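These numbers were taken from a predicted model, which means no experiment stands behind them.
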Amino acid sequence: VSLSARAADPAAGPFLGRMQTDIPALALAEALRMFAQARDIQIIYLSEDLGSLRTNGASGDLSAEEALKILLEGTRLEFKFLDKKTVEIEPRSGRGLDDGTLAAQAATRSAGPETPSRSPAQEGTEKDSLQESLVTAARRTESELDVPMSLAVISGHTLDEQEVNIFNEFATQIPNLTFNYGETGGDINDRAIAIRGVQGADTTGIYMDDLPMPITLDPRLLDLQRIEVLRGPQGTLYGARSMGGTVREITVPPDLTESTASVYTSGLSVDGGGDGYQLNGTFNVPLMLDRVALRITPFAGEDPGYINRVFPNPAESNRLVEVKNTAAMRYQGIIASLLWKATDNLAVRPTIMYQSSQANGFPLGDYTASNLTNIRRFDLPESGLDRWLYAGGTINYSTPYGVITSATSLLNRHSLDVEDVSEYTASSAAFNTPLFPTTEPSTRLAHSATEEIRFASAWHRSEEHTSELQSPCNL
């Protein structure tokens, strides 16, 4: 069995420097769990390697390595960092065992049947195959297997492998999650989402980390740790607008210890449609080691069009003109996040997201979804523009009793749609006028603010408690 533990504060990031450590003498597995929570790192080991081993504890102003050495003192175990966030505990190679360790092993073997020995290759294969998914669906970091609710998780590794960049590309993988377009106002990112078939206004919650977002907002899915989909009702944890469920997009927090940079580019082509591309990069810079870090992800690209627009030739009315591959979407934007670990107990993380999208038409077919050719009476190009700025921040304060979180967000959005309504204005349902070229521009301005204050206890599962105060506001 592979076990791991992490801290209840997902925004804080790993802390490997010196900090006050106070772990009493107790079972080694429990001591390692406390250490992982305090340092916000993951510890991986085989439970049979620890058996009934105990530790004398560790106290004082210690670094992560010093604390681990003290905790493992007198055992046959050693540790190594697989990366800056993950520690592996394993038996020492080629060293004798002390009397206490031999006694503990003998007691463990007498308590049950022997476990067949495994070759190093078999052990390595098992470690590679046992991967625990850590989630914060219940407002605390824990194993996906320990969350007492129906939950679907897609890891960041899977998102990268499948090149998932927008909501539609992962939504089709989630059972009981449906979505459609054209029901919430006509924006180019106009979208409605339902989980478990519960439909209607504000029945599905969308979150970016701990910040709630409007359901019609469709940010590019870049630099994500994972996506969590919780089937509802989720009113207790996420408020009344999560009756059907909640979709949470968890981003990678800034790294306080290491500077990193990555650039990604791709080209794409739609069969029977146009061509497109995507270019994005992620840059992480610690501004103050172990205290302040900045993470920035700029991006730009174009989603290819695949809808054809057909209209009569003005010079020869008996001939048709076809404009191919409309509904192409150009986009650009940036995501910036700052993490400030003010103290060992206080972490502040402001985030800013900006995105601009321009479309030369709408990805909607007339009458049936399979129709890729829209016939129009006039040459009136349709278009859409959507620009938004989303700013927010979380403050996490850890106490011996739990974590207090404040999440604040502000949204400014401007969208403009231009649609060909020539046939509609000439119909009996509208003005019943003679047919003439008519377009209808539709402008929307949105300003909103939200505030959530939450307390998540550090008590045992049977006594856990989460309290939350939510206050949305449309400006």
Side-chain angles (χ1 to χ4, degrees), residues 1-8 14-134 141-143 145-146 400 458-462:
V1 179
S2 175
L3 301 178
S4 62
R6 295 193 69 177
F15 185 75
L16 307 181
R18 291 187 172 276
M19 65 179 290
Q20 185 59 37
T21 304
D22 187 15
I23 300 177
L26 73 172
L28 180 57
E30 179 64 15
L32 291 175
R33 185 191 67 80
M34 294 177 61
F35 174 82
Q37 282 191 328
R39 300 283 181 164
D40 195 14
I41 61 176
Q42 180 175 242
I43 298 181
I44 300 174
Y45 57 85
L46 295 177
S47 57
E48 64 186 50
D49 288 340
L50 268 62
S52 58
L53 293 176
R54 297 181 61 84
T55 177
N56 292 325
S59 61
D61 186 23
L62 304 173
S63 68
E65 289 193 5
E66 291 171 344
L68 280 171
K69 288 179 181 178
I70 295 174
L71 290 175
L72 298 180
E73 186 176 348
T75 72
R76 62 184 180 87
L77 303 174
E78 62 184 2
F79 69 91
K80 65 178 179 181
F81 282 85
L82 301 181
D83 55 43
K84 58 184 175 298
K85 300 179 181 179
T86 308
V87 177
E88 182 182 26
I89 307 294
E90 61 182 0
R92 290 193 184 103
S93 57
R95 299 185 186 179
L97 305 180
D98 56 73
D99 294 338
T101 303
L102 289 172
Q105 283 188 326
T108 303
R109 283 196 296 267
S110 64
E114 273 191 54
T115 302
S117 61
R118 296 166 297 165
S119 67
Q122 289 173 325
E123 185 171 339
T125 302
E126 181 177 353
K127 287 184 179 181
D128 291 341
S129 62
L130 292 174
Q131 296 182 1
E132 184 178 40
S133 181
L134 298 170
T141 301
E142 55 193 334
S143 169
L145 300 177
D146 295 332
W459 306 329
H460 294 296
R461 167 64 65 186
S462 59

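- Residues satisfying the side chain to side chain contact (heavy atoms under 4.5 Å, CB included) test with Ser63, not counting sequence neighbours, are Arg18, Glu65, Glu66.
- Nearest heavy atom pair, residue Ala25 against residue Arg54, reads O-NH2, 3.7 Å.
- The side chain to side chain contact (heavy atoms under 4.5 Å, CB included) test applied to Leu72 returns Leu28, Thr75, Leu77, Phe79, Ile89, not counting sequence neighbours.
- The two atoms that bring Ala67 and Ala58 nearest to each other are O-CB, 4.3 Å, heavy atoms only.
- Partner of Leu62 under the side chain to side chain contact (heavy atoms under 4.5 Å, CB included) criterion, chosen from Ile70, Asp22, Leu68: Ile70.
- With values rounded to the nearest 0.5 angstrom, Leu26 atom CG is found 9.0 Å from Leu71 atom CG.
- In terms of the side chain to side chain donor-acceptor pair (under 3.5 Å) criterion, residue partners of Thr86 (sequence neighbours excluded) are, by chain and number, Asp83.
- Of the inter-residue distances, the one linking Met34 atom CE with Arg39 atom CZ reads 12.5 Å to the nearest 0.5 angstrom.
- Within the 4.5 Å cutoff, no side-chain heavy atoms of Glu73 are placed close to those of Lys69.
- Of all heavy-atom pairs spanning Ala64 and Phe35, the tightest one is O-CZ, 3.7 Å.
- Side-chain contact between Val87 and Leu32: absent, with no pair of heavy atoms (C-beta onward) separated by less than 4.5 Å.
- Here the side chain of Arg33 pairs no donor or acceptor atom with the backbone of Ile43 at under 3.5 angstrom.
- Remark: side-chain polar atoms of Thr55 are not paired, donor with acceptor, to backbone N or O of Leu53 under 3.5 angstrom.
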